[in-house]
Amino acid sequence: ETGGGTARQNQCSKSQCGIVVGNQAQPTLEANLCNDNEIAGIWYVEDGGGVARGNECSRNTTGIDVQDSAQPTLEENACNDNELAGVFWEDDARGAARRNVCLRNRSGIYVDGRAQPTLEENTCNENLWSGISYGENGTGIALRNDCSRNTLGIEVGGEAQPTLEENVC
């Protein structure tokens, strides 16, 4: 339940989810290919966390899904061509996404529920709807993200109140 360890260079495809991190596990996920899954390439649930770095999570419903009270750090992942979002933060999720590339999704990064991630220096281009979307009561900070070449650069809806600084839209 509080495990760690490292998952490196695995191919996790054509399942419900490629990799699931739950309970209080804090693994390091590096250079995994988590493509063509029904739900998510990587799915953080409950109080899961740790670091996901350099993974490819493409052609899933969601590239990386962070929900419940999960608090991962997502760095330099490629989350492209997913049905809904490259990275989806929901419920009470927190954590950080830095230097990820989210191309050709419906939204590059979507923050919903009461999620409060830190989004820093991500590239969210060529998405059908938005580079970054905030819905419901989503908050957190978006700093120095490139959200150009989308229908909307950054969308803030519902009662969301994020802090937006130095982004390019």
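Both backbone and side-chain heavy atoms feed into the values below; hydrogens, waters and symmetry mates do not.
In this structure, Gln26 contributes its side chain and Gly50 its backbone to a donor-acceptor pair below 3.5 Å. A donor-acceptor pair under 3.5 Å links the side-chain atoms of Asn150 to the main chain of Cys124, judged by distance alone. A distance-only check finds no donor-acceptor pair linking the side chain of Asp65 to the backbone of Val87 [under 3.5 Å]. Not a single donor-acceptor pair under 3.5 Å links the side chain of Asn32 to the backbone N or O of Cys12. Here the side chain of Asp146 pairs a donor or acceptor atom with the backbone of Ser148 at under 3.5 angstrom. Between the Glu46 side chain and the Asn23 main chain, a donor and an acceptor come within less than 3.5 Å of each other. A donor-acceptor pair under 3.5 Å is absent between the side-chain atoms of Asp47 and the main chain of Gln24, judged by distance alone.
When the side chains of ILVMFWY residues are joined at heavy-atom separations under 4.5 Å, either directly or via intervening members, Val21 and Val66 end up in a single hydrophobic cluster. Residues Val45 and Ile42 fall into different hydrophobic clusters, defined by Ile, Leu, Val, Met, Phe, Trp and Tyr side chains chained together at heavy-atom separations under 4.5 Å.
Distance CG/Asn35 to OG/Ser58: 5.0 Å, rounded to 0.5 Å. Atom CD of Glu121 sits about 10.0 Å away from atom CD of Glu76, to the nearest 0.5 Å. The distance from atom CZ of Phe88 to atom OG of Ser107, rounded to the nearest 0.5 Å, is 9.5 Å. Between the OG atom in Ser130 and the CD atom in Glu155 there is a gap of 5.5 Å [rounded to 0.5 Å]. In this structure, CG on Asn100 lies 5.0 Å from CG on Asn77, to the nearest 0.5 angstrom. Between atom CD1 of residue Ile109 and atom SG of residue Cys102 there is a gap of 4.5 Å, rounded to the nearest 0.5 Å.
Of all non-hydrogen atoms in Thr139 and Pro117, the two that sit nearest each other are O-CD, 3.8 Å. Among all heavy-atom pairs drawn from Gly138 and Val111, the shortest one is CA-CG1, 4.1 Å. Between Tyr134 and Leu119, the closest heavy-atom pair is OH-CD1, 3.5 Å. Heavy atoms only, all atoms of each residue included: Glu83 and Arg106 are closest at O-CB, 3.5 Å. Nearest heavy atoms, Asn122 versus Ala97: ND2-O, 3.0 Å. Considering all non-hydrogen atoms of both residues, Gln67 and Asp91 come closest at CB-OD2, 3.3 Å.
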Query - Trp129 vs Leu152, side-chain contact (heavy atoms from CB on, under 4.5 Å): CA-CA, chis, key distance, verdict - result: CA-CA 6 Å; Trp129 187 245; Leu152 303 173; 3.5 Å; yes
Report task. Please report the C-alpha distance between Thr61 and Asn82 in whole Å, then the side-chain angles of each, then the deciding distance to 0.1 Å, and finally whether the side-chain contact (heavy atoms from CB on, under 4.5 Å) criterion is met. Result -> CA-CA 5 Å; Thr61 300; Asn82 295 289; over 6 Å; no
Query raised in the report: Are Ile154 and Asn167 close enough, and set up right, to give a side-chain contact (heavy atoms from CB on, under 4.5 Å), and what steps lead you there?
Result: CA-CA 9 Å; Ile154 298 176; Asn167 298 289; 3.8 Å; yes
Report task. Given salt bridge (charged side-chain N to carboxylate O under 4.0 Å, His left out), test Arg59 with Asp36 step by step and report yes or no. Result -> CA-CA 5 Å; Arg59 299 179 310 276; Asp36 303 302; 3.0 Å; yes
Query - Tyr110 and Asn127: CA distance, side-chain angles, deciding distance, side-chain contact (heavy atoms from CB on, under 4.5 Å) verdict - result: CA-CA 12 Å; Tyr110 196 96; Asn127 294 289; over 6 Å; no
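If you check the side chains of Thr123 and Asn125, you find no donor sitting under 3.5 Å from an acceptor. For Glu38 and Asn60, the side-chain atoms include no donor-acceptor pair closer than 3.5 Å. Counting only N and O atoms by type, the side chains of Asn105 and Asn80 include no donor and acceptor under 3.5 Å apart. Of the N and O atoms on the side chains of Trp89 and Gln116, not one donor lies less than 3.5 Å from an acceptor on the other residue.
Taking 4.5 Å as the limit, every side-chain heavy atom of Thr62 sits out of range of all side-chain heavy atoms of Ile39. Between Val168 and Asn145 the shortest side-chain heavy-atom distance does not fall below 4.5 Å.
Between Arg53 and Glu75 there is a salt bridge, since at least one side-chain N of the basic residue sits less than 4.0 Å from a carboxylate O of the acidic one. A salt bridge links Arg104 with Asp81: the distance from a Lys NZ or Arg NE/NH1/NH2 to an Asp or Glu carboxylate oxygen falls below 4.0 Å. In this structure, Arg98 pairs ionically with Glu120, as a charged nitrogen and a carboxylate oxygen lie closer than 4.0 Å.
More than 12 heavy atoms of other residues, nucleotides or ligands shown are found within 6.0 angstrom of CZ on Arg99.
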